[in-house]
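Data first, discussion second: the structure below is written as structure tokens.
The chains referred to below are lettered A, B, ... by the order of the sequence lines, with proteins before strands, and numbering in each begins at 1.
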Amino acid sequence: MADSNLYDKIIELAKRRGFFWPSYEIYGGLSGFYDIGPFGLNLKRKIIEAWRQMFIKNHQGLVVEVETPLVGPSIVYEASGHVENFTDPIIRCKECGRIYRADHLVEEKLGINAEGLSILELESIIKSKGLRCPVCNGELEDVKSFNLLFKTQIGPYEGNDGFIRPELAQGIFVAFKRIFESLRGKLPLGIAQVGKVGRNEISPRQGMIRLRDFTIMEMEFFFDSEKCSCNFADKHYGEKINILPYELKSKDMGFVTTTLGEAIKKGYIINKCMAYWMFIGKLFLQGIGVPEDNMYFEEKGEKERAHYSKQTFDHMVKTSRWGWVEVAGYSYRSDYDLSKHETYSRASLKVFEPFEKPQVVKKKRVIVDKAYIGKVFRSKAKYILERIENLDVEYVISELKNKNALLVDGMKIPKEAIKIVEKEEKVSGRKFIPHVVEPSFGVDRLLYIALEYAYKEKNGRVVLSFPRAFSPLDAVVLPLIEDDEKLAEKAKHLYSYLISEGFDIMYDDTGSIGKRYARADEIGIPAAFTIDYQTLEDDTVTIRDRDTWEQVRVKMSDVPKILKKFIYNSTDIKQLGIE
RNA sequence: GCGGCGGUAGUCUAGCCUGGAUUAGGACGCUGGCCUGCCACGCCAGAGGUCCCGGGUUCAAAUCCCGGCCGCCGCACCA
């Protein structure tokens, strides 16, 4: 895997065979954008399907999938903290063009704590102190803010700004209450989404690894933080996990291999739910073809984490060109997002949990003589009543006791107009904001990684040995000889038959049979059916295994059944033959 | 964004330093023909190029110079 040319070979192959390539090529290309071609899209679709299987279908009743819009109004991203935290103040040198973080520059050069300062404040400090470029001593331009959100305008009116979502999560948080209620209010609940997001990276590199427009697969897993109910994690405590906790990272150690149970017990993973989904994520990547030794979970330090996160693990996978690459992040977002949206939207996003038995609580209440207030204060009455309502009962009691009256904005309400009553109240449950754990995968990175792990060379030929279920196509149908109408007729019949059975099939009759096998191997097609002269006699065909190049004969009528077995049960081809 | 290196048919590349006889050469792939009874077979013919884009220098630019775009590496950046 130390072959750094592997990347070049894959990029070349991906372009030539139509897996993916840089977008807008005829206009010179545009950094951070990639097109995905026919074979690449099939593969991508299968990766997404596998994720759905692992995270959603295998957890029916616990995890659901939704779809929310790509563009959101600015208030949503103000609430989520992205407008504020996704922005860096930057400043550019007029002479050499170097760009600095304006706040960092002020802190370093002037020793002023610049945290939280606005653009204008930074600007005036820099101007008044005559700060210049620390490298070339050139004059500096004005401070600008750089936000990684793609901004757009909604409708024809200026000022009605919107943003392209930088993650899928906000669409889910905003719709949480509706989804939760429509599913009859049960926790824990996972809400998943697959879709495109946009992040206006300053300078994307690394091809498919860092894009400005890409597909992610996310799940927001909502649970009651007071009783972390992820008991389904328990039976997997013996499972192996490669993990690098932050405390070990500073010691410059590599990851450690331990068990899920140990990682929780030692406090490496602070939340059981998170641990469980990390385990599922591990299985998912193994399915794509990444061996366990080539992946681990790396904890992010406090400053490296996103603004919403209490703990984050990056799911790292080894690549030939870039070493360890993050393909997924697992964040403990606590109740950060729902709380923020509650504040900004003024909608209650709390969940109600009934007690087993309603509790009876004695409670003092302030009863105001509304008729008196109305008569005396007239138009101010409504305001006064509202104010009193919001006062603490104990405060009212002590005021009445000490002053024989209650003062509201200087207005005096006599003791006689206020009564304190003690009442029994029934409390039937508690309200709380659920906590959230979020596993989030980058599909396009996985697409590249699937290719890299599938790439093999055999006898000087390239073979993409995808796990069979992940191959862009299921099988290829080949007449042995190019120009034989009888063979062609049989082959086309098999071709249509397999298509009608729901398989993704390619038909290839051009060139020598060897060349066509090679071609299919390079695309990663796991099975090849060859129609030869024996087929004309007894209706049998050969099935060839992409990885071993072994062949056995099977009955033509059995082909769909056999192909299904071959692809989904990882069956050895030798067990499929007639004898 | 800075610095270094690079950008030539679908793909990989020769040519660039030392500007002109190069009609921009080759390999693979592609198309057609012949051939072909199981692993990129052979022979023949053919199509395919804004030499990344723009400007400049020059009688003349793929070639030299400047700017831009894109890619790789390093730095910076990467909620």
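- Within the shown strands, B/rA45 is the pairing partner of B/rU31 under the Watson-Crick or G-U definition, both distances less than 3.5 Å.
- Checked by distance alone, A/Arg461 brings a side-chain donor or acceptor within 3.5 Å of a matching partner on the base of B/rC39.
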Quick test: give all pairs of protein nitrogen or oxygen and nucleotides 12-15 of chain B nitrogen or oxygen below 3.5 Å, distance rounded to 0.1 Å.
none

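- For the residue pair A/Ser440 / A/Glu167, no side-chain donor-acceptor distance below 3.5 Å is found, with atom types taken as modelled.
- With a 3.5 Å ceiling on both atom-pair distances, B/rA24 lacks any Watson-Crick or G-U wobble partner.
- A/Asp532 and A/Thr530 form no side-chain donor-acceptor contact under 3.5 Å, judged by distance and modelled atom types alone.
- Remark: P of B/rC73 and CD1 of A/Ile209 are 11 Å apart, rounded to the nearest angstrom.
- Taking the nucleotide of RNA chain B with the nearest heavy atom to each of A/Glu550 and A/Arg305, the more 5' of the two is matched to A/Glu550.
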- Sugar-phosphate means primed atoms, P, OP1 and OP2; the rest is base. With that split, encode nucleotides 67-72 of chain B 5' to 3' as B, S or - using protein heavy atoms under 4.0 Å. --SSSS

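- Residue A/Ser512 has no polar side-chain atom (N or O) positioned under 4.0 Å from OP1 or OP2 of B/rU36.
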Short heteroatom pairs, N/O only, protein and nucleotides 26-35 of chain B, under 3.5 Å:
| residue | atom | partner | partner atom | Å |
| --- | --- | --- | --- | --- |
| B/rC30 | OP1 | A/Arg519 | NH1 | 2.4 |

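- Side chains of A/Asp314 and A/Trp324: a donor-acceptor N/O pair is absent below 3.5 angstrom, by distance only.
- Between A/Arg544 atom CZ and B/rC38 atom C1' there is a gap of 9 Å when expressed in whole angstrom units.
- In this entry the distance linking NZ of A/Lys300 with C1' of B/rC78 reads 10 Å, nearest Å.
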